[in-house]
Amino acid sequence: KNTLSDLDSPVFVVEDELISRVSQHKCEKGNEILFPDSNTITYTVCGESGVLTPGTCLFLQATDEYTLSSTAACSVIHRIIINPVLMDDLLYPYETMNIQMLVLDKQVSQLACQLYDEISNGKPYYEWIARGKLQELYGYLYRNGLGENNCPICQDTEVVQQILLYLRKNFKQKIHLDKLCTDIGYSKFYACHAFKKQTGKSIIGYTNQLRCEYAERLLKSGKISLPAAGVRAGFSGAEQFLKTYEKLHGKFPDITAKL
């Protein structure tokens with residue numbers, strides 16, 4: 001069985017996967033960079049759980065095992081697989097970088113998307129350009145100390161991850177910001193500011209997004225009414241669900257169940 005560590009294997013590979021239930025993976029082909037398309041995806045790596053939101057990148061090492069899942073009806077994960085031989089050729093001291101596994105940073109997200117697009121398009125000389133993008137990506141990570149525990153970006157990411165996990169577990173219930181912040185051990189001002197800065201959404205706004213995704217998934221099953229789906233997702237009823245969904249998506253959800 002060949003792997004990307006073979007010298008004659010491709011330098012880069014990109015894959016897209018539709019996540020509709022729990023899927024298990026192992027980085028057998030090389031280092032991986034994962035980022036979601038639009039919906040939220042929950043991951044578990046070596047017993048550690050977290051949440052991938054748009055704008056977040058997950059960096060995995062060769063041989064890492066991980067699982068992915070989503071509450072949305074359909075979520076797409078983009079995967080960049082990098083030949084370990086190329087990682088050894090990086091100009092930066094990759095082995096000593098200790099890069100944070102999860103990075104929520106606008107510049108990192110943009111560079112990862114550019115790298116993905118360059119590989120996907122496969123235009124002439126794309127490998128050389130992709131190598132440059134990879135150098136730029138890891139150079140940015142190294143320069144900004146995204147593997148250091150005292151890095152401000154890392155501190156913000158830690159609190160945001162705690163909030164995301166809390167919301168994923170409790171979004172069907174009424175969310176009280178004071179209780180949430182007490183449970184995770186941060187002030188309400190800092191927690192709300194860090195969450196808005198890194199996700200671009202308010203805590204309540206993200207909670208409503210999770211509720212809409214879950215309610216839409218229930219509706220697509222065709223086994224539940226719209227009012228019941230809204231209530232089970234944490235809304236007060238059908239009216240609040242529809243109003244919130246239209247605000248997020250600019251339209252009403254496709255109804256496949258009895259009203």
Side-chain angles (χ1 to χ4, degrees), residues 12 14-15 17 19 25 27 30-68 70 75-82 84 86-87 90-119 130-165 167-168 184 186 190-191 193-201 206:
F12 297 103
V14 291
E15 297 176 349
E17 180 183 356
I19 307 296
H25 303 271
C27 302
N31 297 65
E32 296 187 8
I33 303 173
L34 308 181
F35 58 96
D37 187 8
S38 57
N39 293 323
T40 299
I41 294 174
T42 302
Y43 70 87
T44 301
V45 182
C46 301
E48 296 289 330
S49 297
V51 180
L52 275 168
T53 58
T56 306
C57 294
L58 184 65
F59 290 80
L60 300 173
Q61 307 296 315
T63 74
D64 279 348
E65 296 183 0
Y66 62 95
T67 61
L68 302 172
S70 176
S75 299
V76 176
I77 191 78
H78 300 302
R79 183 182 291 109
I80 303 173
I81 305 173
I82 307 164
L86 180 60
M87 301 302 297
L90 283 176
L91 297 177
Y92 306 102
Y94 171 74
E95 293 299 332
T96 61
M97 285 175 69
N98 190 29
I99 292 173
Q100 182 188 3
M101 181 172 63
L102 182 74
V103 177
L104 208 171
D105 180 82
K106 184 177 180 180
Q107 183 67 15
V108 171
S109 176
Q110 289 178 346
L111 289 171
C113 289
Q114 291 172 12
L115 176 60
Y116 173 89
D117 290 341
E118 188 62 44
I119 301 168
R131 285 171 185 259
K133 292 293 182 185
L134 186 68
Q135 288 276 5
E136 186 178 359
L137 172 59
Y138 278 94
Y140 179 85
L141 292 168
Y142 187 69
R143 173 177 288 174
N144 289 277
L146 293 179
E148 304 298 330
N149 292 329
N150 61 354
C151 171
I153 294 178
C154 296
Q155 292 174 357
D156 286 352
T157 300
E158 181 180 353
V159 65
V160 169
Q161 277 297 296
Q162 290 189 47
I163 295 171
L164 289 170
L165 289 172
L167 295 179
R168 296 282 289 185
I184 66 174
Y186 291 93
Y190 174 65
H193 178 75
F195 193 87
K196 179 71 173 179
K197 177 182 176 182
Q198 294 223 4
T199 67
K201 300 182 176 71
Y206 179 75

How many angstroms lie between atom [atom1] of [X] and atom [atom2] of [Y], to the nearest 0.5 angstrom?
X	Y	atom1	atom2	result
K133	Y138	NZ	OH	15.5 Å
L137	Q107	CG	CD	9.0 Å
C113	I33	SG	CD1	10.5 Å
K106	Q110	NZ	CD	5.5 Å
D37	E17	CG	CD	13.0 Å

Of all the heavy-atom pairs spanning [X] and [Y], show the shortest one and how long it is.
X	Y	result
L115	A130	CD1-O, 3.4 Å
Y43	V45	CD1-CG2, 3.7 Å
C57	L52	C-CD2, 4.1 Å
V159	A194	CG1-CB, 3.7 Å
S75	N39	OG-CB, 3.1 Å
P36	I41	CB-CD1, 4.1 Å

Exercise for review: Check the pair L60 / L34 against side chain to side chain contact (heavy atoms under 4.5 Å, CB included), numbers first and verdict last.
Suggested key: CA-CA 8 Å; L60 300 173; L34 308 181; 3.8 Å; yes
Exercise for review: Measure up the Y66 and H25 rings against each other and bin them: parallel (under 30°), tilted (30 to 60°), perpendicular (over 60°).
Suggested key: parallel
Exercise for review: Look at the rings of Y116 and F35 and say which category their plane angle falls in: under 30° parallel, 30 to 60° tilted, over 60° perpendicular.
Suggested key: perpendicular
Exercise for review: Using only heavy-atom distances, determine whether the side chains of Y206 and T53 contain a donor-acceptor pair under 3.5 Å.
Suggested key: no
**Study point:** Distance-only polar pair, side chains of S49 and T44, donor-acceptor under 3.5 Å
**Key:** yes
Practice item. Walk me through it: do Q61 and D64 pass the test side chain to side chain contact (heavy atoms under 4.5 Å, CB included)? Key: CA-CA 6 Å; Q61 307 296 315; D64 279 348; 3.7 Å; yes
Exercise for review: List the steps and the verdict of side chain to side chain contact (heavy atoms under 4.5 Å, CB included) for L134 and I82.
Suggested key: CA-CA 9 Å; L134 186 68; I82 307 164; 3.6 Å; yes
Exercise for review: In plain terms, say whether E32 and R79 are close enough for a salt bridge, that is, a side-chain N and a carboxylate O under 4.0 Å apart.
Suggested key: yes
**Study point:** Full working for side chain to side chain contact (heavy atoms under 4.5 Å, CB included) between R168 and V51
**Key:** CA-CA 9 Å; R168 296 282 289 185; V51 180; 3.8 Å; yes
Point to revise | Min side-chain heavy-atom separation I81-N31 under 4.5 Å | key: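 No. Closest side-chain heavy atoms not under 4.5 Å.
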